[in-house]
Amino acid sequence: HVQLVESGGGSVQAGGSLTLSCVASGYTSNSYCMGWFRQAPGNEREGVASLEAGGGGEYYADSVKGRFTISQDNAKEMLYLQMSSLKPTDTGIYYCAAERRAAFCSGGYWPEPDLAYWGQGTQVTVS
């Protein structure tokens, strides 16, 4: 049974930094695409950053390029999102996701995210 649990959210002032963590269990994370998504109140969920399976490509939303870094520690089954130069527009609930179907997460595009595995989310508030 795949489980994803996020942590590391919180409140921070604009310009500050946070690192989100996601612990994965129930599968071999290296064989899945892994990603971070976020949803702000009143907005649709959007992809923030993702990694292709097996050490493939690394992709970012234009809004976070140069400020966020996604990384993975397969030995610890952990996924991270380092966020810096945070802006109020980065506020939202951040979700960790895992997609086992390589064709559905290639190039950073996840056409069927609802069929991926999801964590419960962690709140990030930037003021």
Side-chain angles (χ1 to χ4, degrees):
H1 178 62
V2 176
Q3 285 191 313
L4 303 169
V5 180
E6 305 95 335
S7 62
S11 296
V12 63
Q13 291 189 335
S17 301
L18 279 175
T19 296
L20 305 183
S21 300
C22 173
V23 58
S25 61
Y27 68 105
T28 302
S29 61
N30 192 48
S31 62
Y32 283 59
C33 291
M34 301 297 296
W36 289 96
F37 292 72
R38 68 186 179 190
Q39 186 166 21
N43 289 359
E44 293 186 355
R45 181 178 57 197
E46 63 172 343
V48 175
S50 64
L51 292 170
E52 289 180 330
E58 188 173 315
Y59 302 93
Y60 297 91
D62 288 343
S63 59
V64 307
K65 282 181 181 176
R67 301 188 298 119
F68 289 13
T69 302
I70 187 172
S71 62
Q72 187 173 29
D73 184 333
N74 290 323
K76 296 181 180 180
E77 301 287 0
M78 295 290 294
L79 182 72
Y80 303 99
L81 185 68
Q82 295 174 280
M83 307 184 292
S84 61
S85 301
L86 284 162
K87 305 175 182 180
T89 50
D90 295 318
T91 294
I93 301 174
Y94 283 69
Y95 298 92
C96 172
E99 171 58 74
R100 64 176 178 81
R101 303 168 299 168
F104 289 82
C105 53
S106 177
Y109 177 56
W110 295 38
E112 296 184 348
D114 288 344
L115 298 184
Y117 296 101
W118 293 88
Q120 83 290 348
T122 186
Q123 176 71 46
V124 172
T125 302
V126 185
S127 59

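No hydrogens, no waters, no symmetry mates; every other heavy atom, side chains included, goes into these values. Computed from a prediction, not measured in an experiment: that's the story for all the values here.
- Put simply, OG1 on Thr19 and OH on Tyr80 are 9.5 Å apart, with the number rounded to the nearest 0.5 Å.
- Note that CG of Leu79 is 8.5 Å distant from CG of Leu4, once rounded to the nearest 0.5 Å.
- Nearest heavy atom pair, residue Gly47 against residue Ala61, reads O-CB, 3.4 Å.
- Between Trp118 and Tyr95, the ring planes lie perpendicular to each other; the angle is over 60°, past the 30° to 60° tilted range.
- To the nearest 0.5 Å, the span separating SG on Cys22 from CE on Met78 amounts to 7.0 Å.
- Counting heavy atoms from C-beta outward, Val48 and Met83 have side chains that stay 4.5 Å or more apart.
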Q: Give the intermediate values and the outcome of side-chain hydrogen bond (donor to acceptor under 3.5 Å, both in side chains) for residues Tyr94 and Arg38.
A: CA-CA 4 Å; Tyr94 283 69; Arg38 68 186 179 190; 2.9 Å; yes
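- In terms of modelled atom types and a separation under 3.5 Å, the side chain of Glu112 and the main chain of Ala116 share no donor-acceptor contact.
- With contacts defined as side-chain heavy-atom distances shorter than 4.5 Å, the pair Met34/Cys96 qualifies.
- Around atom CZ of Arg100, no more than 12 heavy atoms belonging to other residues, nucleotides or ligands sit under 6.0 Å away.
- With Gln72 contributing its side chain and Asn74 its backbone, the two residues share no donor-acceptor pair below 3.5 Å.
- The aromatic ring centres of Phe68 and Trp36 sit 6.0 Å or more apart.
- Residues Tyr60 and Val124 fall within the same hydrophobic cluster, defined by Ile, Leu, Val, Met, Phe, Trp and Tyr side chains chained together at heavy-atom separations under 4.5 Å.
- Note that CD1 of Ile93 is 9.0 Å distant from OG1 of Thr122, once rounded to the nearest 0.5 Å.
- The heavy-atom pair separating Glu58 from Ile70 by the smallest distance is CG-CG2, 3.7 Å.
- No more than 12 heavy-atom neighbours from other residues, nucleotides or ligands sit within 6.0 angstrom of CD on Gln13.
- How far CZ of Phe37 is from CZ of Arg45: 6.5 Å, rounded to the nearest 0.5 Å.
- In this structure the side chain of Ser50 never reaches within 4.5 angstrom of the side chain of Tyr109, judged on heavy atoms.
- Here the CD atom belonging to Gln120 is positioned 4.5 Å from the CD atom belonging to Glu6, to the nearest 0.5 angstrom.
- Ion pair Lys87/Asp90 not flagged as a salt bridge, since none of the NZ, NE, NH1 or NH2 atoms sits closer than 4.0 Å to an Asp/Glu carboxylate oxygen.
- Looking at heavy atoms from C-beta onward, Glu52 lies out of side-chain contact with Cys105 at the 4.5 angstrom threshold.
- The backbone N or O of Val126 lies less than 3.5 Å from a partner atom in the side chain of Thr91, making a donor-acceptor pair.
- No single ILVMFWY cluster, assembled from side-chain heavy atoms under 4.5 Å apart, contains both Tyr59 and Leu81.
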